[in-house]
2 protein chains.
Amino acid sequence: MTTIRGARERARTEVTAAIKDEARGQLAAEGAAKLSLRAVARELGMVSSALYRYFPSRDELLTALIIDAYDAVGSAAERALATADPADPPARWTAVCVAVRAWALTHPHEYALIYGSPVPGYQAPQLTIEPASRVGLALISIAADAHRADGIALPPLAEELRPEAQRLAAQLAPGLPPEVMAALIAAWAQLFGLVSFEVFGQFNNLVEARDELFTHAARRLAHEVGLMDRHRTP
Amino acid sequence: MTTIRGARERARTEVTAAIKDEARGQLAAEGAAKLSLRAVARELGMVSSALYRYFPSRDELLTALIIDAYDAVGSAAERALATADPADPPARWTAVCVAVRAWALTHPHEYALIYGSPVPGYQAPQLTIEPASRVGLALISIAADAHRADGIALPPLAEELRPEAQRLAAQLAPGLPPEVMAALIAAWAQLFGLVSFEVFGQFNNLVEARDELFTHAARRLAHEVGLMDRHRTP
DNA sequence: CAGAAGAGAGAGCACTGCTCTTGCTTTGGA
DNA sequence: TCCAAAGCAAGAGCAGTGCTCTCTCTTCTG
């Protein structure tokens, strides 16, 4: 498994990692559009064609970076979830939101890679869907835990949306009421709307107190999915 | 002003429009990253260097397309606002949201250009900020109208956020309570979170009933900014 | 130890954005 | 009316890109 197989194999994983590191550096410096295979190779002291032994195309390199980025936000979210007060669902929720935003602000280009415009003709391979779902699953687990503990009450869903919400709940969080599931999906997307607007500059020259606005919005989102402050129900 | 000045000047605006049209076509077909000046020129039967008489760089061409795209969503939103029942604020709100989403789904690449990752090293010039604000202003005007008519009541803001919200309200909608202003900014960003997730494929293999989910979420957003159903207060 | 497989190097193709020079055409003032 | 100035198109060329193909050398495996 993790046994050192041979010099060649070890070298391969090392070079692969070095390529990804250098690519990530260029990504952070200039953005995905200016990520150049030749520049990466040059910086690593190899010739561009040699790089194709490790990644069959530029898109494949980007895919690797995409997966890493999803894993990075995902684990940031999971870390925040693990350290938040388990008895305070709204606090857990905002902690995850804040962690996602913090990661996005410190890694804007990686964030753009995964939550911005999809790259040209590129189709996200199946490999990405598992890491991509980690933040969503973290959010869902907060609601699921809160529901198990105290129950969540939300106004009933319109007729048209209920089957879909039931299907999603069955698939992602058995036992969760469909109203909560629908609210979760919406809140998930809306969270990234808040983050994207900030990272992509839509708040430039408009919103100054971004920390405060974000925290406020995150709390409202928690409320929207039915997470209640314990202090109100002693 | 709009008088026909001369053959040369008229030709110039025609060629400029033709370039933009062709560029928009390539944008729709392949995305911003694959928009090639040479290909545009080729398709128009001119040589690539001639195109630089009209746009000093590829980025300037993109800027022109960005402004057009902002104007397109903006006017779609304004059209929806104009045709919705003026006495039903939540209906006006959802109408604008639905119009924005519809435009985004029919023009995914143009949408990505303005609400996706900002292009490489590119800084949005001042020219774009006015068209970029049209959707936001439409949403604000709904709340302002509703507030003038019936008043909007929302829970008070936390201390830290109030000054910012007051500043924004004074700047964008004098008379609007700061709570509403804060909710509007958040809802504005969250709306585009919903749209982006759908356009950029985050809902692929996950959410099926997207019309229903979006409408539901848009209604909840209306509620979140304090827009009330008239039927409840006869 | 020999053959297979892996890895790097180099040349080359077709493409990109962009610049510069060279002519031609339209324009506006003397 | 004529002529210089400005606008415009074309072509060549530069530096860069992703990617392929061939060749050589090294390492691994049976």
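Throughout, a chain's letter reflects where its sequence line sits, starting with A, and its residues are numbered from 1.
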| remark: Whole-Å distance, A/Y52 OH to D/dC23 C1', equals 19 Å

| field | Between D/dT17 (P) and A/D59 (CG): distance, integer Å | value | 17 Å

| query | Whole-Å distance between D/dG16 P and A/L37 CG? | reply | 16 Å

| field | OP1 or OP2 of D/dT27 under 4.0 Å from side-chain N/O of A/R10 | value | no

| Can you check the A/R42 CZ to D/dG16 P distance for me, whole Å? | 7 Å

| request: Could you check A/F197 against A/V207 for side chain to side chain contact (heavy atoms under 4.5 Å, CB included), going step by step and ending with a plain yes or no? | output: CA-CA 10 Å; A/F197 262 37; A/V207 181; over 6 Å; no

| task | Flag the pair B/E164 and B/R167 as a salt bridge only when some basic side-chain nitrogen lies within less than 4.0 angstrom of an acidic carboxylate oxygen. | result | yes

| said: Under 4.0 Å, counting only non-hydrogen atoms across every strand here, what does B/S57 touch: a base, just sugar-phosphate, or nothing? | reply: sugar-phosphate

| said: Which is more 5' along DNA chain C, the nucleotide nearest B/S36 or the one nearest A/A50? Just name the residue. | reply: A/A50

| query | Using 30° and 60° as the class limits, which term best fits the ring planes of A/Y70 and A/Y115: parallel, tilted or perpendicular? | reply | perpendicular

| query | Quick one: A/L51 CG to D/dG18 P, roughly how many Å, whole number? | reply | 10 Å

| field | Pair B/Y111, A/S117: side-chain N/O donor-acceptor within cut-off below 3.5 Å | value | no

| Checking all strands, does B/L44 fall into the base, sugar-phosphate, or nothing category for heavy-atom contacts under 4.0 angstrom? | nothing

| request: Starting at atom CE of B/M46, determine the distance to atom P of C/dG17, rounded to an integer number of angstrom. | output: 14 Å

| In terms of ring plane angle, is the pair A/W188 and B/F203 parallel, tilted or perpendicular, where the classes change at 30° and 60°? | tilted

| field | Base C/dG17 paired with B/R38 side chain (donor-acceptor, <3.5 Å) | value | yes

| query | OP1 or OP2 of D/dA9 sitting under 4.0 Å from any side-chain N/O of B/R53? | reply | no

| remark: A/A39 has its side chain closest, among D/dT17, C/dC18, C/dG10, to D/dT17

| query | In whole angstrom, what separates B/R58's CZ from C/dC18's C1'? | reply | 13 Å

| B/E60 CD to C/dC18 C1', straight-line distance once rounded to whole Å | 14 Å

| message | Heavy atoms only, 4.0 Å cut-off, all strands: where does B/Y54 land among base, sugar-phosphate and nothing? | response | sugar-phosphate

| said: So B/L35, base contact, sugar-phosphate only, or nothing? Heavy-atom distance under 4.0 Å. | reply: sugar-phosphate

